[in-house]
Amino acid sequence: MRIPDFELERYFARWEFAAPYLLCSSDIQGWRMADLLALASPEDRERWDGLSLGYTETPGLPALREAIAGMYPGLISEDVLTFAGAQEALFVAMNVQLGPGTHAVVTWPGYQSLYEVARSVGAEVTLLPLREEDGWALDLDALTAALRPDTRMVVVNFPHNPTGSLLDRATFQKLCALCESRGIHLFSDEVYRLLEYDANDTLPPAASCFTKGVSLGVMSKAFGLAGLRVGWLATRDAELLARCRAFKDYTSLCNSAPSELLSLIALRARERVLERSRGLLAANLARLDDFFARHADTFHWVRPRAGSVAFPRLLRNIPVARFTESLITREGVLLLPGNVYGFPGNHFRLGLGRANLPEALERLERFVRDGGLDTLE
């Protein structure tokens, strides 16, 4: 297997644990252990205190799979397979479903794994650009035109990383109908689902819409529990899930027992967990609205509709990577330049989910106000 370096992760490897202010993180501020355990029922707390640190079941803790299935109308626990994070889940799914002689269509810009893993196993990949001038919307006609007789998978990610865009319900239903009519698996990266700013915009999960709909989920984003490294696939395609389960024998084999139980505690209290996430996003989004209004001559953004990231554009005649490098050096504030996605233009990813966003934003504003950009022109 040959696969290019993961540019985003190489960038974070350099800066993530050195920068004081991560203004580009895609996850929600992590929970403290004590606060999460305080949400546990007496039964789950007793289970935690007596937890044995042995091997766990390959498909995942049965109670956890049941809790996950409860978020997918029409699914049962047997329709869920857990993994060591979303990364492993998509790696396994693409290895069992794609290969030489197959084709996938993937939205772009996007998380590099969503297309590079497919390429690494020998599939041909067509990247389907989302465009700022269209509000980062999915062009369903362009997607239809990209389909081929050997297309095995369409890969989408909504709410979208890095733009924060979201499909309208009618477009999503047409997308599902298109894939179902062609017998194509719709691999739907839904790790930001349940972080819609308007609850009425929440789309049904792909796994609930048709048999070949596959939903990717994780505890990292909406639930603020990235350190647990628990992700999952949900689908009613029992044959695909069985092949994924067999392939998992060669990857993680099984999950961490503490992580599974902590995930179960969080999901059983998910409305309280999500309320915290949504409150943090709402407060930070209001601050960003004000910031971008004050600096409309310097930055342009399409306001996100969901999730914990946005993809503004620097309007100055300065390469975006020079801007982000200077900002981290002078102010300790990390932004993610759009070139790590291989995406043209002067976009950068901005994260909305961290508690210290107000301080990071003050430093960014000081950089702009005090002429930091002028020194780069």
K.L.:
Is any side-chain heavy atom of T298 closer than 4.5 Å to one of L315?
P.N.:
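With C-beta onward as the side chain, the pair stays apart.
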K.L.:
Which heavy-atom pair separates V105 from L147 by the least distance, and what is that distance?
P.N.:
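Where V105 meets L147 most closely, the heavy atoms are CG2-CD2, 4.1 Å.
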K.L.:
Below 30° counts as parallel, above 60° as perpendicular, anything between as tilted: where do the rings of H295 and F291 land?
P.N.:
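Tilted: the ring planes of H295 and F291 meet at 30° to 60°.
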K.L.:
Within a reach of under 6.0 Å around CD of E275, are more than 12 heavy atoms found that belong to other residues, nucleotides or ligands?
P.N.:
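For E275, atom CD is not crowded (no more than 12 foreign heavy atoms under 6.0 Å).
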K.L.:
Could you report the tightest heavy-atom contact between P258 and L53, atom names first, then the distance?
P.N.:
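Minimum heavy-atom contact is CG-CD2, 3.6 Å.
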K.L.:
Parallel, tilted or perpendicular, judged at 30° and 60°: which one describes the rings of F323 and F299?
P.N.:
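Correct class here is tilted.
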K.L.:
If you measure only the distance, is there a donor-acceptor pair under 3.5 Å linking the side chains of T171 and D168?
P.N.:
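Result is yes, a qualifying pair exists.
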K.L.:
Is there side-chain contact between S308 and D27, with at least one heavy-atom pair below 4.5 Å?
P.N.:
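The answer is no; the side chains never approach within 4.5 Å.
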K.L.:
Tell me whether D139 is salt-bridged to R131, with the criterion being a basic N under 4.0 Å from an acidic carboxylate O.
P.N.:
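Result for this pair is no, no salt bridge flagged.
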K.L.:
Do L216 and E190 touch side chain to side chain, with heavy atoms closer than 4.5 Å?
P.N.:
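Answer no - side chains too far apart.
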K.L.:
Which residue pairs pass the side-chain hydrogen bond (donor to acceptor under 3.5 Å, both in side chains) test when at least one of the two sits in residues 47-65, sequence neighbours left out?
P.N.:
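For residues 47-65, and leaving out neighbouring residues, the side-chain hydrogen bond (donor to acceptor under 3.5 Å, both in side chains) pairs sorted by first residue read R45-D49.
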K.L.:
Would you call R287-D290 a salt bridge at under 4.0 Å N-O?
P.N.:
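No, R287 and D290 are not salt-bridged.
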K.L.:
Do E43 and S41 pair up side chain to side chain, a donor and an acceptor below 3.5 Å, judged on atom types alone?
P.N.:
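Not at all, the side chains of E43 and S41 share no donor-acceptor pair under 3.5 Å.
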K.L.:
Would you check, one step at a time, whether the test side-chain contact (heavy atoms from CB on, under 4.5 Å) holds for K248 with S252?
P.N.:
CA-CA 6 Å; K248 187 184 174 186; S252 66; 3.4 Å; yes
K.L.:
How about S26 and Y111: do any of their side-chain heavy atoms sit closer than 4.5 Å?
P.N.:
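Contact flag for S26/Y111 side chains = no.
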K.L.:
Can you tell me how far apart OG (S256) and CG (L61) are? Round to the nearest 0.5 Å.
P.N.:
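Rounded to the nearest 0.5 Å, the OG-CG separation comes out at 11.0 Å.
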K.L.:
What is the ring orientation for W136 with H347, classed by angle as parallel under 30°, tilted 30 to 60°, or perpendicular over 60°?
P.N.:
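Ring orientation of W136 relative to H347: perpendicular.
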K.L.:
Could you report the tightest heavy-atom contact between G135 and V302, atom names first, then the distance?
P.N.:
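Heavy-atom minimum between the residues: CA-CG1, 4.1 Å.
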K.L.:
Answer yes or no: is there a donor N or O on one side and an acceptor on the other, between the side chain of S326 and the main chain of R322, under 3.5 Å?
P.N.:
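Not a single qualifying donor-acceptor pair exists.
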K.L.:
Run the salt-bridge test on E88 and R229 with the 4.0 Å N-O cut-off and return the result as yes or no.
P.N.:
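Answer for the salt bridge query: no.
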K.L.:
Check the pair V156, D189 against side-chain contact (heavy atoms from CB on, under 4.5 Å), reporting the backbone distance first and the verdict last.
P.N.:
CA-CA 6 Å; V156 297; D189 177 351; over 6 Å; no
K.L.:
For the residue pair T107 / H160, report whether a side-chain donor-acceptor contact shorter than 3.5 Å exists.
P.N.:
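There is no such pair (donor and acceptor under 3.5 Å, judged by atom type) between the side chains of H160 and T107.
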K.L.:
Tell me yes or no: between the side chains of T102 and E124, is some donor less than 3.5 Å from an acceptor?
P.N.:
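There is no such pair between these side chains.
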K.L.:
Applying salt bridge (charged side-chain N to carboxylate O under 4.0 Å, His left out) between D201 and each of R305, R193, R169, report the one that passes.
P.N.:
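Between D201 and the candidates, salt bridge (charged side-chain N to carboxylate O under 4.0 Å, His left out) is satisfied uniquely by R305.
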K.L.:
With a 6.0 Å cut-off (strictly less than), is the heavy-atom count around CZ of R245, excluding the residue itself, greater than 12?
P.N.:
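Check fails, neighbour count at 12 or below.
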K.L.:
Enumerate the residue pairs fulfilling ring pair (Phe, Tyr, Trp, His ring centres under 6.0 Å) with a member in residues 170-227, sequence neighbours excluded, ordered by first and then second residue.
P.N.:
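Listed once each, the pairs would be none.
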K.L.:
Would T82 and N255 satisfy side-chain hydrogen bond (donor to acceptor under 3.5 Å, both in side chains), going step by step from the backbone distance to the final call?
P.N.:
CA-CA 8 Å; T82 66; N255 291 344; 2.9 Å; yes
K.L.:
Taking atom CD as the centre, does Q29 end up with more than 12 heavy-atom neighbours from other residues, nucleotides or ligands that are less than 6.0 angstrom away?
P.N.:
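Counting neighbours around CD of Q29, more than 12 heavy atoms of other residues, nucleotides or ligands fall under 6.0 Å, so yes.
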K.L.:
Under 3.5 Å, is there a donor-acceptor pair between the R349 and Y341 side chains?
P.N.:
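Yes, Y341 and R349 have a side-chain donor paired with an acceptor closer than 3.5 Å.
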K.L.:
What pairs of donor and acceptor atoms, side-chain ones from residues 2-12 against any protein atom, are under 3.5 angstrom apart with sequence neighbours left out?
P.N.:
unit_1	atom_1	unit_2	atom_2	d
Y11	OH	L335	O	3.0

K.L.:
Would you say that more than 12 heavy atoms from the other residues, nucleotides or ligands in this model lie under 6.0 Å from the CG of D198, or not?
P.N.:
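Check passes, neighbour count above 12.
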